[in-house]
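Given the structure is predicted, the values throughout are model-derived calculations rather than measurements. Proteins come first, then strands; the chains are lettered A, B, ... in the order of their sequence lines, and each starts at number 1.
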Protein chains: 2
Amino acid sequence: MQAKTGKLIKPHSDATADLILDVAQELLQTRGYNGISYQDIAEQVGIRKASIHHHFATKAELGVKLLCRYRRQWHAFLAGVDESTAGPWEKFDQYLDPFRATARTGDRACLCGILGAEFAALAPELQQEVQGFFRDNETWLAALLSHGRRSRQFRFQGDAASEAAVIFACLEGSLIVARAARNPLQFDAVIVQLKGRLGR
Amino acid sequence: MQAKTGKLIKPHSDATADLILDVAQELLQTRGYNGISYQDIAEQVGIRKASIHHHFATKAELGVKLLCRYRRQWHAFLAGVDESTAGPWEKFDQYLDPFRATARTGDRACLCGILGAEFAALAPELQQEVQGFFRDNETWLAALLSHGRRSRQFRFQGDAASEAAVIFACLEGSLIVARAARNPLQFDAVIVQLKGRLGR
DNA sequence: GTCTATAAGATGATAGAC
DNA sequence: GTCTATCATCTTATAGAC
């Protein structure tokens, strides 16, 4: 669709659509899916409601497209961490960076953490994406933990999947709780504690 | 108000208002604050929208009253745990019971965990109550952890407040993640892991 | 205390001009 | 691709009869 520009390889790059998704994501991470409207997005983008509908016919479609982009970016990020030659501890730190960045904003939590809270109110397609994001993270974390323990750098009891679930749930929960407490430092304290648990 | 019945000591006990709060709480725990309406509540209670407004003039007032009741019940619950002669491990288990019960429903998360996710979209009075609930829990948990470590039954690094923050964030996050995964057993696995961390 | 009726505004969505 | 105008519906909330 709309392959007029010279970039033949990446035909799907509508600047306006991307901007809409940027704004929608920021609003969603602060107020939740049912807390934002096309009107809210339109105002921040600087166009009219109808123009948003031109790019994303329905709110559910906008949500799905947003989550697809989010997961695509996340996969690229995780792949980057995997490619690095760093050890388990450095990789864990790299993984935590986006969470730390979100905590520092003071007004956002994880996109999927918030959508997870509104889970039953979401369209099935959106629910699937949220599920997928959770699964992706727990799987990746479990692999990292597994490797780290084999190389005797991480220490923890039980299976890697359970430990991954604890760490991921803790990250999602911390972002929500620390934001409500208006205390980003609480998130850092949780990280310190989580690391101590893995053997420092 | 309305002290017609013989119960002179507890004048504030409107059965309909309580039922409304019951229904509102259940809906809120599944769909979130912005995911439910007076209409939704009215249908489940079996009365009309206007009748809900008679008991709770505005939605924010309903939310605040609901959270006040929730925190009151929670305080009573925590006081009950404190009064028991059980040891730290048993008390921790008692504390976990409501979380386990919520996880088993399969479609609810913690009321305040969900409201925390929608934080910026809430009225300031509601935000305060959510903050208060988080603080109450972390304070209580920190005290339990502190006592448990002094009596050499719990083992953990760092200060009790940080460990309490980790455990509480983990519980809130787990309820959200496990529900999305449609796997209540995942919550139990997290509990096992959390306990292992404290020394089994 | 509950009801019907209704207001006033927001919301997701569409039609059609430019 | 963006706009104005409009629609149907939902939402919170109020007025007033029973």
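Ring to ring, A/F92 and A/W140 are not that close: their centroids are 6.0 angstrom or more apart. Residues B/W89 and B/Y95 keep their aromatic ring centres 6.0 Å or farther apart.
A donor-acceptor pair shorter than 3.5 Å cannot be found between the side chains of A/D136 and A/T139. Residues A/R48 and A/Q39 bring no donor and acceptor atom of their side chains to less than 3.5 Å of each other. There is no side-chain donor-acceptor pair under 3.5 Å between A/Q193 and B/Q157.
Residue A/K195 forms a side-chain contact (heavy atoms from CB on, under 4.5 Å) with just one option from A/L198, A/I191, A/V192, and that option is A/I191.
Taking 4.0 angstrom as the limit, B/T16 places a side-chain polar atom (N or O) nearer than this to OP1 or OP2 of C/dT2.
Of the residues in residues 46-62 of chain B, B/I47, B/R48, B/A50, B/S51, B/H54, B/H55 come within less than 4.0 Å of DNA chain C through at least one heavy atom, sorted by number. Residues of residues 24-38 of chain A having a heavy atom closer than 4.0 Å to DNA chain C, listed by number: A/I36, A/S37, A/Y38.
We find that CD of B/Q39 is positioned 17 Å from P of C/dT6, with the value rounded to whole Å.
In this pair, B/F77 and B/W74 present their aromatic rings tilted. The plane angle is within the 30 to 60° band.
Heavy-atom contacts from other residues, nucleotides or ligands closer than 6.0 Å to NE2 of A/H53 number more than 12.
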